[in-house]
Amino acid sequence: MERVLSGIKPTGKLTLGNYIGALKNFKNYQDNYETFIFIADLHALTMPIDPEELRQNSIDIVAFYLAAGLDPEKTTIFLQSDVPAHSELNTIIQNYHYMGELSRMTQFKDKSRKMNNSAIGLGIFAYPVLMSADILLYNSDYVPVGEDQTQHVELTRDFVHRFNERYKTNVFKMPKAITPKVGARIMSLSDPTKKMSKSDPKGDIFLKDDLKVIRKKIMSAVTDLDTNIYYDPENKPGISNLLTIYAALSEISIEEAEATFKDLHRYGDFKKAVADKVIEVLEPFQQRYNEIIKSNVINGILNDGAKKASLVANKTLLEVKKIVGLYVHE
Ligand code: AMP
Ligand code: TRP
């Protein structure tokens, strides 16, 4: 059976961008693929974070996974740091990733630009190496992510070529990124030319926001001075972003969303329809999240997940050790 793997890093409050670009799609795989979905807590350490916040965020993400329909009987849900093979494979394969290619990664350039040069941790530079390890330990065929992560999956693909060629092996399977047709890049509501991101709270919709606050944020989303509702990300980024949100959450195409609103010439009415849709989806989602947090199921799920994931990951790690010459005795 083909394998699917993805993860989210517990670095802040999850946004509607995370939901549309990643979270809501994960459940679609669990019936037809062997699915591994994890919490990338080691990746969260690549930027400064308070320990208690990191712990809470990790628990939150498990609850979000379950609220979004992941079934722990079908999907292996686990914490990255619970499976030491991630760190071990990372140590091995860092030697086949090049400084040049890593320094060209957009995420690294963005994050390091915002920091004092002497205080940029090695981890943020080496971020994609650990991500390669995550993907390759499970022989993943498909990696569902938002658009901003596809560059890292491409880097993994380059590495797979290089390694398999060097050792004349096929130990690493060639993974493929899958981005959603609609909503691979949700933009900020306050500046629709920028990505909606956890570290930029202005213009974000957080999944745990009060529903009234969500409505208010959408009603005050930055748009343009026209009155026509159609998709044109270059000239109408705000309206296009709202159409994308509406389409993604309604599971329809952008064209179908455009058709729904083609006779409406009041942005206020359009925004209200978008807010209604977001609330229609997030209200039950928040209810499920709250029930899960109260229910005490998370520990058990993470324990089981760590065991199941380790079995698969350790097998790959052992093969790799043998291939590079690290396996000397029984
Ligand atoms: P992160 O928050 O960086 O761990 O991202 C988790 C997942 O959400 C990744 O697959 C990202 O590509 C996706 N994602 C993050 N922000 C957005 C956004 N604004 N639009 C679409 N997908 C996003
Ligand atoms: N880097 C991803 C993000 O920021 C999270 C992540 C870590 C991931 N390892 C992964 C996603 C492996 C997919 C596969 O969103």
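In listed order, ligands and their atoms are each counted from 1.
The nearest heavy-atom contact from the protein to atom 9 (N) of ligand 2 is Asp134 OD2, 2.6 Å. Atom 6 (C) of ligand 1 has Asn18 ND2, 3.4 Å as its closest protein atom, hydrogens excluded (heavy atom only). Looking only at protein heavy atoms, the nearest one to atom 21 (C) of ligand 1 is Ala184 O, 3.2 Å. Ranking the protein heavy atoms by distance from atom 12 (O) of ligand 1 puts Asp148 OD1, 2.4 Å first. In terms of protein heavy atoms, atom 6 (C) of ligand 2 is closest to Gly7 O, 3.9 Å. Ranking protein heavy atoms by distance to atom 20 (N) of ligand 1, first place goes to Ile186 N, 2.8 Å. Of all protein heavy atoms, the one lying nearest to atom 10 (O) of ligand 1 is Gly146 N, 3.0 Å. The protein heavy atom nearest to atom 4 (O) of ligand 1 is Lys9 N, 2.9 Å. For atom 7 (C) of ligand 1, the closest heavy atom belonging to the protein is Ala22 CB, 3.6 Å.
Near His43, meaning under 4.0 Å from one of its heavy atoms, ligand 2 places the atoms 7 (C), 9 (N). For ligand 1, the atoms closer than 4.0 angstrom to any heavy atom of Val145 are 10 (O). For ligand 1 and Ile8, the ligand atoms under 4.0 Å from any heavy atom of the residue are 4 (O), 6 (C). Ligand 2 places these atoms under 4.0 Å from at least one heavy atom of Ala40: 7 (C). Counting atoms of ligand 2 from 1 in the listed order, those under 4.0 Å from a heavy atom of Val143 are 13 (C), 14 (C). Distances below 4.0 Å separate heavy atoms of Leu5 from the following atoms of ligand 2: 12 (C), 14 (C). Remark: ligand 1 atoms within the under-4.0 Å shell around heavy atoms of Lys195 are 19 (N). Near Gly183, the atoms of ligand 1 lying under 4.0 angstrom from a non-hydrogen atom of the residue are 21 (C).
Residues Asn28 and Asn25 bring no donor and acceptor atom of their side chains to less than 3.5 Å of each other. Thr35 and Thr75 share no donor-acceptor pair across their side chains, judged by distance under 3.5 Å alone. No side-chain donor-acceptor contact under 3.5 Å links Glu319 and Thr316.
When Ala40, Pro144, Gly17 are ranked by how near their heavy atoms come to atom 22 (N) of ligand 1, first place goes to Gly17. Counting heavy atoms only, Met131 comes closest to atom 10 (C) of ligand 2 of the residues Met131, Lys198, Lys9. Relative to atom 16 (N) of ligand 1, the option among His152, Met196, Lys194, His43 with the closest non-hydrogen atom is Met196.
The closest approach between Pro180 and ligand 1 stays at or above 4.0 Å for every heavy atom of the residue. At a 4.0 Å cut-off, not a single heavy atom of Ile20 sits close enough to ligand 1 to count as contact.
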Run the numbers on Asp191 and Lys194 for salt bridge (Lys or Arg N to Asp or Glu O under 4.0 Å), then give the verdict. CA-CA 6 Å; Asp191 178 356; Lys194 283 212 205 103; 3.6 Å; yes
Could you walk me through whether Tyr138 and Phe78 satisfy the ring pair (Phe, Tyr, Trp, His ring centres under 6.0 Å) test, starting with their C-alpha distance in whole Å, then the side-chain angles of each, then the deciding distance to 0.1 Å, before giving a yes or no? CA-CA 13 Å; Tyr138 300 89; Phe78 66 100; 5.5 Å; yes
side-chain hydrogen bond (donor to acceptor under 3.5 Å, both in side chains) between Asp60 and Asn57: does it pass, once the steps are laid out? CA-CA 5 Å; Asp60 259 6; Asn57 288 346; over 6 Å; no
Test salt bridge (Lys or Arg N to Asp or Glu O under 4.0 Å) on Lys236 and Asp224 and set out the steps. CA-CA 7 Å; Lys236 297 168 74 69; Asp224 52 57; 3.4 Å; yes
Worked check of salt bridge (Lys or Arg N to Asp or Glu O under 4.0 Å) between Lys195 and Glu147: CA-CA 10 Å; Lys195 191 185 78 166; Glu147 195 182 82; over 6 Å; no
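Side-chain N or O atoms of Glu258 include none that pairs as donor or acceptor with a backbone N or O of Leu243 at under 3.5 Å.
When the side chains of ILVMFWY residues are joined at heavy-atom separations under 4.5 Å, either directly or via intervening members, Val83 and Leu318 end up in two distinct hydrophobic clusters. Both Val278 and Leu211 are assigned to one and the same hydrophobic cluster, defined by single-linkage of ILVMFWY side chains at heavy-atom distances under 4.5 Å. Tyr246 and Ile205 end up in the same hydrophobic cluster when Ile, Leu, Val, Met, Phe, Trp and Tyr side chains are linked at under 4.5 Å. Clustering ILVMFWY residues whenever any of their side-chain heavy atoms sit less than 4.5 angstrom apart, transitively, puts Leu189 in the very cluster that holds Ile20.
Here Phe38 has side-chain heavy atoms under 4.0 Å from ligand 2, and that is the only part of it that gets that close. The proximity of Val145 to ligand 2, defined as any non-hydrogen pair under 4.0 Å, is limited to the side chain. When non-hydrogen atoms are compared, ligand 1 lies under 4.0 Å from neither the backbone nor the side chain of Met187.
By the 30° and 60° cut-offs, the orientation of the rings of Tyr33 relative to Tyr142 is perpendicular. Note: Tyr19 and Phe285 have perpendicular aromatic rings, judged against thresholds of 30 and 60 degrees for the angle between ring planes.
Among the atoms of Lys198, some N or O lies under 3.5 angstrom from an N or O of ligand 1. Considering backbone and side-chain atoms alike, Gln149 places an N or O below 3.5 Å from some N or O of ligand 2. Residue Tyr127 has at least one N or O atom closer than 3.5 Å to an N or O atom of ligand 2.
Closest heavy-atom contact between Ser132 and His97: OG-NE2, 3.2 Å.
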